[in-house]
Protein chains: 2
Amino acid sequence: MKEGPDIARIASLVGDPARANMLTALMDGGALTASELALEAGVSLPTASSHLAKLMDGKLLTVASQGRHRYYALAGTEVAAMIEAISGVAAHSGPQRARPGPRDKSMREARVCYDHLAGEHAVAMFDRFVAEEIIVRDDETLRLGPAGPSFFAGVGIDTSGLGNSRRPMCRACLDWSVRRAHLAGSLGTAILDKIIAEKWARRPAGSRVVEFTPPGRKAFEKLFLA
Amino acid sequence: MKEGPDIARIASLVGDPARANMLTALMDGGALTASELALEAGVSLPTASSHLAKLMDGKLLTVASQGRHRYYALAGTEVAAMIEAISGVAAHSGPQRARPGPRDKSMREARVCYDHLAGEHAVAMFDRFVAEEIIVRDDETLRLGPAGPSFFAGVGIDTSGLGNSRRPMCRACLDWSVRRAHLAGSLGTAILDKIIAEKWARRPAGSRVVEFTPPGRKAFEKLFLA
DNA sequence: TCCATGGTTCGATGCTAGTCGAAGCATACT
DNA sequence: AGTATGCTTCGACTAGCATCGAACCATGGA
């Protein structure tokens with residue numbers, strides 16, 4: 001025997017519920033921190049760390065250190081394809097999956113990505129920023145564009161104080177629901193903070209969803225999607 | 001949480017070495033008895049029986065009682081595709097086996113994947129089918145292309161009868177040795193059947209290898225790789 | 001330099017699941 | 001019937017591993 005690749009080794013990696021939850025949470029192609037994954041898996045941080053180490057050892061994940069955060073992501077499309085294949089079998093085997101639930105739709109629309117806004121709204125906003133040179137791409141990095149300071153002053157965000165810190169003001173972050181970039185960095189955080197502070201949206205506990213109120217959405221669109 | 005199908009459940013089924021060995025032993029699409037599988041897995045008969053019960057419970061296997069023998073087989077192509085997908089990641093993750101050995105070489109070249117041909121030959125054939133529009137990709141699914149029916153008629157495969165069944169005629173299956181797709185589905189089965197019927201290749205017992213004879217390979221290449 | 005926060009490592013604990021011998025069924029051959 | 005063979009069930013044993021609290025390390029911000 002002992003022919004072919006060691007399939008049991010990596011199948012057993014997926015075979016643990018906590019790890020399986022982590023992997024499915026990453027199936028969107030995004031990257032999550034260890035804490036977020038721990039929450040997602042419903043397990044303590046040490047446990048999650050141990051699992052992540054195992055998944056790394058099995059080359060199922062990649063990690064990118066950004067500051068004191070470590071962003072974990074699937075190692076590649078092959079891994080995603082494998083998860084899909086397993087899901088396919090599981091769907092036939094297990095109890096028929098119930099309803100898709102309204103939660104998925106809300107997640108696609110607007111959610112929190114650690115400390116900034118992600119989802120369709122965030123991508124649309126970012127597109128508009130770039131189109132009007134509020135933000136400009138400079139090679140790989142992002143900078144505030146010529147129209148930037150006045151625009152943010154107009155919506156009540158002071159950008160002069162954001163540039164001092166060591167943390168980058170603008171950063172691009174890849175979105176999974178839409179396959180495009182959205183805005184991270186301290187400016188992204190400031191925008192999310194404003195959305196919450198103005199009570200345009202709420203964040204249901206224990207979820208990444210950002211739930212806009214009808215008037216809040218209008219206000220947001222008027223200011224940021226113009 | 002608890003969203004989506006229970007992937008951990010069935011991944012953990014594959015995650016045990018004994019069960020993984022059984023499943024790979026069945027990857028040639030054949031059916032084996034409990035004793036044979038116990039031998040294949042290197043485990044005692046009671047243990048094997050317990051494993052088989054679990055695999056049955058997870059709907060990964062089917063069983064057919066014939067006399068006092070019970071023949072176990074994979075439950076379907078989906079299960080086979082899943083095993084292939086897992087093999088794919090495992091091949092890249094696991095410790096690269098130092099010297100591939102002659103058997104691996106044959107496996108890479110041509111092998112049976114449940115009920116159709118896989119390996120380099122199969123991938124080359126599939127590429128040619130796509131290039132000449134014998135088969136066309138339609139989003140995620142595959143269809144017979146404009147040049148399809150006449151081509152297969154020319155090589156002695158009647159495609160008109162294959163579309164009726166519930167089973168899809170063309171399906172893509174990811175190859176683990178080469179990182180590309182090859183042809184599954186009833187058409188894939190028909191091609192493998194023809195290769196065996198024409199005696200272009202033999203299948204050594206107890207292995208997934210497909211061993212082409214020198215003239216058989218020539219004939220195959222002339223017809224399918226043109 | 002000092003604190004706060006995100007992550008990993010260590011150690012101890014508890015539970016699950018794989019393992020096999022022996023016994024129990026079921027089917028077939030004589 | 002009687003016996004042999006293929007397979008499953010039962011019971012007991014064991015090992016591995018997931019889990020968490022607490023301590024430890026690293027980075028960022030003041």
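Computed from a predicted structure; not experimentally measured. The chains referred to below are lettered A, B, ... by the order of the sequence lines, with proteins before strands, and numbering in each begins at 1.
Glu84(A) meets the side-chain hydrogen bond (donor to acceptor under 3.5 Å, both in side chains) test with no other residue; sequence neighbours excluded. The side-chain contact (heavy atoms from CB on, under 4.5 Å) search around Thr47(B) returns Val43(B), Ser44(B), His51(B), not counting sequence neighbours. Not a single salt bridge (Lys or Arg N to Asp or Glu O under 4.0 Å) links Asp193(B) to another residue, sequence neighbours left out. Applying the side-chain contact (heavy atoms from CB on, under 4.5 Å) criterion to Thr33(B), with sequence neighbours excluded, gives Ser35(B), Glu36(B), His69(B), Tyr71(B). In terms of the side-chain hydrogen bond (donor to acceptor under 3.5 Å, both in side chains) criterion, Glu133(A) has no residue partners (sequence neighbours excluded). Looking at residues two or more places apart in sequence or on another chain, you find a side-chain hydrogen bond (donor to acceptor under 3.5 Å, both in side chains) between Glu198(B) and Lys194(B). Considering only residues two or more places apart in sequence or on other chains, Arg202(B) meets the side-chain contact (heavy atoms from CB on, under 4.5 Å) condition with Glu211(B). Applying the side-chain contact (heavy atoms from CB on, under 4.5 Å) criterion to Val130(A), with sequence neighbours excluded, gives Phe126(A).
Between Phe224(A) and Phe152(A), the ring centre distance reaches or exceeds 6.0 Å.
The minimum heavy-atom distance between Gly88(A) and Glu78(B), with the atom names listed, is O-OE1, 4.0 Å.
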Protein-to-nucleotide contact annotation, 5' to 3' order, nucleotides 23-30 of chain C [B base; S sugar-phosphate only; - none; under 4.0 Å, heavy atom]: ----BS--
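Judged by distance alone, the side chain of Ser12(A) and the main-chain N or O of Gly15(A) form no donor-acceptor pair under 3.5 Å. A donor-acceptor pair under 3.5 Å is formed between the side chain of Thr24(A) and the backbone N or O of Ala20(A). The backbone N or O of Leu13(B) lies less than 3.5 Å from a partner atom in the side chain of Arg19(B), making a donor-acceptor pair.
Checking the phosphate oxygens (OP1, OP2) of dT27(D), no side-chain nitrogen or oxygen of Arg70(A) falls inside 4.0 Å.
Both key distances under 3.5 Å define a Watson-Crick or G-U pair, and stretches of 3 or more such consecutive pairs in DNA chain D run C:1-30 with D:1-30.
At the heavy-atom level, Tyr72(B) lies under 4.0 Å from the strands shown only through sugar-phosphate atoms. Looking at heavy-atom distances under 4.0 Å, Thr33(B) makes contact with sugar-phosphate atoms alone, never a base.
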Can you name the atoms? Protein N/O to nucleotides 11-14 of chain C N/O, anything below 3.5 Å, with the distance.
none

Filtered N/O pairs between nucleotides 16-19 of chain C and protein, under 3.5 Å:
{"residue": "dG18(C)", "atom": "OP1", "partner": "Arg19(B)", "partner atom": "NH1", "Å": "3.3"}
{"residue": "dG18(C)", "atom": "OP1", "partner": "Arg19(B)", "partner atom": "NH2", "Å": "2.8"}
{"residue": "dG18(C)", "atom": "OP2", "partner": "Lys54(B)", "partner atom": "NZ", "Å": "2.6"}
{"residue": "dT19(C)", "atom": "OP2", "partner": "His51(B)", "partner atom": "NE2", "Å": "2.5"}

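Checking dT9(C), dG6(C), dT8(D) against every side-chain atom of Ser49(A), the shortest atom distance belongs to dT9(C).
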